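In what follows, every heavy atom counts, from backbone to side chain, and hydrogens, waters and symmetry copies are set aside. Keep in mind that this is a model prediction, so the values were computed, not measured. In each ligand, atom 1 is the first atom listed, and ligand 1 is the first ligand listed.
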Amino acid sequence: MRKTVLRKPKGFNDVYKHKPGAEKDRTHYCPGCGHGILHKLIAEAMEDLDIVDKTILISPVGCSVFAYYYFDAGHFQAAHGRAPAIATATSRANPDKVVISYQGDGDLAAIGGNNIIQAANRGENIAVFFVNNAIYGMTGGQMAPTTLEGQVTTTTPYGRNVDTDGYPMKMCEVISQLTAPTYVERVSLHDAPHIRKTRNAVRKALLNAKERKGFQFVEVLSTCPSGWKMDPVKSMEWVKEKMLGMYPLGVYRDKGEEAKVITRPVPILEPGTVWEKLGISAEADVDFPRGDVPDEYRKMSIRVAGFGGQGIMVTGQALASVALEYGYNVSWLPSYGPEMRGGTANCSVNIQDGTIGAAEAVKPTMLLAMNRPSLEKFEKTIVAGGTLIYNSTLIDIEPERTDIKVFAVPITGIADELGNTRVQSLVNVGAYAAITGMFNVDHVIELLPKLFKGKSQTIIDLNAKAVKAGFDYVKENF
Ligand SMILES: Cc1ncc(C[n+]2csc(CCOP(=O)(O)OP(=O)(O)O)c2C)c(N)n1
């Protein structure tokens with residue numbers, strides 16, 4: 001006797017545990033939304049094509065931003081419209097993987113319009129699922145490039161006027177003008193027979209992607225009952241009655257048997273290859289022997305924060321540059337507030353022996369807080385057992401955490417005593433060297449001409465004093 005087993009396809013997680021309130025075994029999509037249907041078709045195909053362990057999904061900005069809650073795949077979340085660029089890098093660096101770029105019409109055809117065209121034109125080995133619901137769903141129903149003529153949205157309250165707003169954009173037609181794409185089809189989710197056709201298109205695109213047969217583009221006409229302000233049944237009818245006329249279904253490109261397997265050299269970012277070609281030496285110029293660094297300071301993820309003009313970025317660059325000379329892997333990532341001067345600024349620095357995963361110090365092992373707002377903002381992010389260095393000249397409150405090591409160093413005061421507030425950065429480096437044991441203070445001073453290349457000897461000497469003063473303060477007081 002045949003037995004029907006109802007279960008989730010293996011391409012989905014059993015429990016959506018990344019989702020807040022994970023015990024609720026359902027998605028965040030509105031009733032009648034097409035995203036859920038397409039998700040299911042993709043998840044089933046992943047299982048049937050045996051690519052669950054090979055799939056990396058790039059989720060966009062839009063209602064499907066949380067696609068990573070559901071799929072049992074690798075994930076990247078891209079900035080708005082940038083999924084094709086992230087997918088390109090992911091696919092090129094991982095030629096054995098199946099890379100999916102999942103995008104809405106605002107994401108793909110508006111802000112990401114150029115991204116998708118360039119990726120298509122390069123014939124990247126990616127499968128793009130383009131959900132065309134003729135509206136910006138997530139942000140409350142604004143006009144999208146695909147909005148129909150006359151369609152009322154929150155930004156076209158009198159209906160889309162093609163004279164002022166342009167014409168609905170037909171992405172399958174646009175993409176299929178290019179030479180490289182392998183497979184381009186438009187399908188729809190408005191009833192069961194068309195969902196079956198969509199199922200086939202999804203499978204074809206993923207099979208081609210699995211075989212590395214270039215660029216796959218499936219446009220899926222979909223519903224947005226919330227954005228369209230219609231019930232789900234009416235929404236299905238609306239797709240059929242209104243959208244199909246503007247967006248004819250069918251295959252726009254299928255290279256079929258002629259589709260070639262596309263292989264590209266995998267970029268290798270090893271010292272001596274790309275570095276050499278770029279004329280950058282990956283080797284440290286000065287070979288500094290490392291001192292005894294306690295275990296807790298061997299894998300540093302540092303947030304340096306303060307206001308603009310406090311030498312925040314220079315501190316971070318100096319820490320990273322000195323560490324490089326000791327043969328550590330380093331990264332430096334600046335983050336500026338929107339203001340030009342006097343605004344907040346912070347940077348993340350990683351200093352480690354192993355591979356650096358994320359450049360941003362989301363949970364730093366050390367915070368160097370130069371002003372009060374920075375302390376208030378970032379103190380809670382320090383990992384338990386981590387270290388806080390704060391500028392006690394300007395910060396007049398006590399840190400709250402009791403599970404971290406705290407060093408109150410009057411950084412601005414020390415710099416002022418040397419006659420120039422601007423040397424705070426190197427006071428920081430000196431204090432850092434004393435606390436962590438990671439740098440020898442003489443080595444740091446030896447490196448100053450390189451760090452301040454082109455600057456006068458007076459400036460170099462002043463910064464040497466700053467390093468020493470920061471170092472000595474910590475050694476004498478802690
Ligand atoms: C750089 C940037 N600009 C604008 C936004 C606001 N925003 C979020 S989602 C969205 C539109 C999404 O629409 P669509 O791609 O059609 O996806 P849907 O929500 O309909 O699935 C916009 C404009 C943003 N998050 N980032």
Atom-level proximity to ligand 1, residues with heavy atom under 4.0 Å: His35, Val61, Gly62, Cys63, His80, Gly104, Asp105, Gly106, Asp107, Ile111, Asn133, Ile135, Tyr136, Gly137, Met138, Thr139
Residue list, side-chain hydrogen bond (donor to acceptor under 3.5 Å, both in side chains) with Asn114, at least two apart or on another chain: Gln118
Reported OG-to-CD distance for the pair Ser301 and Gln352, which is rounded to 0.5 angstrom: 7.0 Å
Under 3.5 Å side-chain donor-acceptor pair for Tyr297 and Thr387: yes
Donor-acceptor pair between Arg186 and Tyr252 side chains, under 3.5 angstrom: yes
Report all side-chain donor-acceptor pairs from residues 37-44 shorter than 3.5 Å, counting only partners two or more places apart or in another chain.
from  : atom 1 : to     : atom 2 : distance (Å)
His39 : ND1    : His35  : O      : 3.0
His39 : ND1    : Tyr102 : OH     : 3.3
His39 : NE2    : Tyr29  : OH     : 2.8

Pairs meeting criterion side-chain hydrogen bond (donor to acceptor under 3.5 Å, both in side chains) with involvement of residues 312-321, two or more places apart: Thr315-Asn428
